[in-house]
Amino acid sequence: MVEAMVKVTRKTRDETRKRLLAAGAAHLARDGLERASVDAIALDAGYAKGTFYNYFDSKEAMFAAVIAEWAGRAAEVEAGADSPSAGVRARLIGLAEADVKVVRENEDFAKVVIREVLAFRPETYPMVIAQLDPFIAKLVEVLRDGIEAGEIRADRSVTQQAMMFTGLLALSYVQHWGSGGGWPTLNEVPDLVVGSFLDGAAKRGAP
């Protein structure tokens, strides 16, 4: 009986947290981090303000949790189709496609995340970057395999290279939104980012 009650409690807590995160993502997407209201988030989720603070220390902590789920989802989507024998280019395209898929699921929230990254505010930038760890870790794994296969240069930190790849993705989304979806389209982002990352702008065969 006690065990059953523990299971129900855990299930209820998980459901409550899920509802708070969903409401939080919607408010962040609409209002941005600074203007989003804890009171309104809790109310939309169907709870009192105190319930919010049972799960998150602050609005920023909830924002971090939403980003962590977002990044984890991208790594999860890519992992399902990842094949280490496919080669680094195909695997990076797979990661970029997974990221685009997650962006499509909540494009307004993605805008909030990228806005916070580009604003590099000291109170939020380190937190946002830290929550991207699942995606960055997957990138590092692919790049390390690429170094071993001789497809990726070994004279630069794989973590730095992973951050550069993530930055190219973010900038491609900014260009997409800034152009009103004209160029690049979200469908074009994976090939554009991977091509820019692996091939650069130099003409092939140029000194």
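From a predicted model like this one, the values you see are computed outputs, not experimental measurements.
- Judged as a ring-ring contact (aromatic ring centres under 6.0 Å, His included), and not counting sequence neighbours, the contacts of F197 are F165.
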Check your understanding: Going through the distances and angles, do Y55 and L21 end up as a side chain to side chain contact (heavy atoms under 4.5 Å, CB included)?
Key -> CA-CA 10 Å; Y55 290 82; L21 286 175; over 6 Å; no

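- Rounding to the nearest 0.5 angstrom, the gap separating the CG atom in L192 from the CG atom in L168 is 8.5 Å.
- The two residues I147 and A154 have their closest heavy-atom pair at CG2-CB, 3.8 Å.
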For a quick test of your reading: what N or O donor-acceptor pairs under 3.5 Å do the side chains of residues 60-68 make, sequence neighbours left out?
none

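- Using a 4.5 Å cut-off on side-chain heavy atoms (C-beta onward), W177 and I114 make contact.
- Proximity of D31 to S37: side-chain heavy atoms (C-beta onward) are nowhere separated by under 4.5 Å.
- Ion pair E141/K138 flagged as a salt bridge, since at least one NZ, NE, NH1 or NH2 atom sits closer than 4.0 Å to an Asp/Glu carboxylate oxygen.
- V38 and L43 are assigned to two separate hydrophobic clusters, defined by single-linkage of ILVMFWY side chains at heavy-atom distances under 4.5 Å.
- L28 is connected to L132 through a chain of hydrophobic side-chain contacts under 4.5 Å among Ile, Leu, Val, Met, Phe, Trp and Tyr, so both are in one cluster.
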Review point. Between E97 and K101, is a side chain to side chain contact (heavy atoms under 4.5 Å, CB included) present by the stated rule, with each step listed?
Key: CA-CA 6 Å; E97 288 175 343; K101 178 178 173 61; over 6 Å; no

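- A86 approaches A90 most closely through the heavy-atom pair O-CB, 3.7 Å.
- Applying the salt bridge (charged side-chain N to carboxylate O under 4.0 Å, His left out) test to pairs two or more places apart or on separate chains, those with a residue in residues 119-128 are E34-R121, E116-R121, R121-E123.
- Contact between I41 and A36 at its shortest, heavy atoms only, is CD1-CB, 4.5 Å.
- A96 approaches L169 most closely through the heavy-atom pair CB-CD2, 4.1 Å.
- By the 4.5 Å heavy-atom criterion applied to side chains, D99 and Y173 are counted as neighbours.
- Side-chain contact between F56 and R17: present, with at least one pair of heavy atoms (C-beta onward) separated by less than 4.5 Å.
- For the side chain to side chain donor-acceptor pair (under 3.5 Å) condition, the pairs that include at least one residue of residues 179-199, sequence neighbours left out, are R89-D199, R104-N187, T185-E188.
- Residue A45 comes nearest to L20 through the heavy atom pair CB-CD2, 3.8 Å, listed as atom of the first residue, atom of the second, then distance.
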**Study point:** Working for side chain to side chain contact (heavy atoms under 4.5 Å, CB included), residues D39 and F52
**Key:** CA-CA 9 Å; D39 286 347; F52 178 96; over 6 Å; no

Practice item. Carefully, step by step, assess L198 and I152 under the rule side chain to side chain contact (heavy atoms under 4.5 Å, CB included). Key: CA-CA 8 Å; L198 291 179; I152 296 290; 3.6 Å; yes

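- For the side chain to side chain donor-acceptor pair (under 3.5 Å) condition, the pairs that include at least one residue of residues 142-154, sequence neighbours left out, are R91-D145, R153-D155.
- Put simply, the side chain of K49 never gets that close to the backbone of A42: no donor and acceptor are under 3.5 Å apart.
- The minimum heavy-atom distance between S172 and V193, with the atom names listed, is OG-CG2, 3.7 Å.
- For the atom pair CG of L33 and OG1 of T124, the computed distance is 6.5 Å after rounding to the nearest 0.5 Å.
- We find the CG-OH distance between L118 and Y125 to be 9.0 Å, quoted to the nearest 0.5 Å.
- Counting only residues at least two apart or in different chains, side chain to side chain donor-acceptor pair (under 3.5 Å) contacts with residues 20-30 comprise H27-R30, H27-D44.
- Enclosure of atom CZ in F120 is not indicated, since only 12 or fewer non-hydrogen atoms of other residues, nucleotides or ligands lie within 6.0 angstrom.
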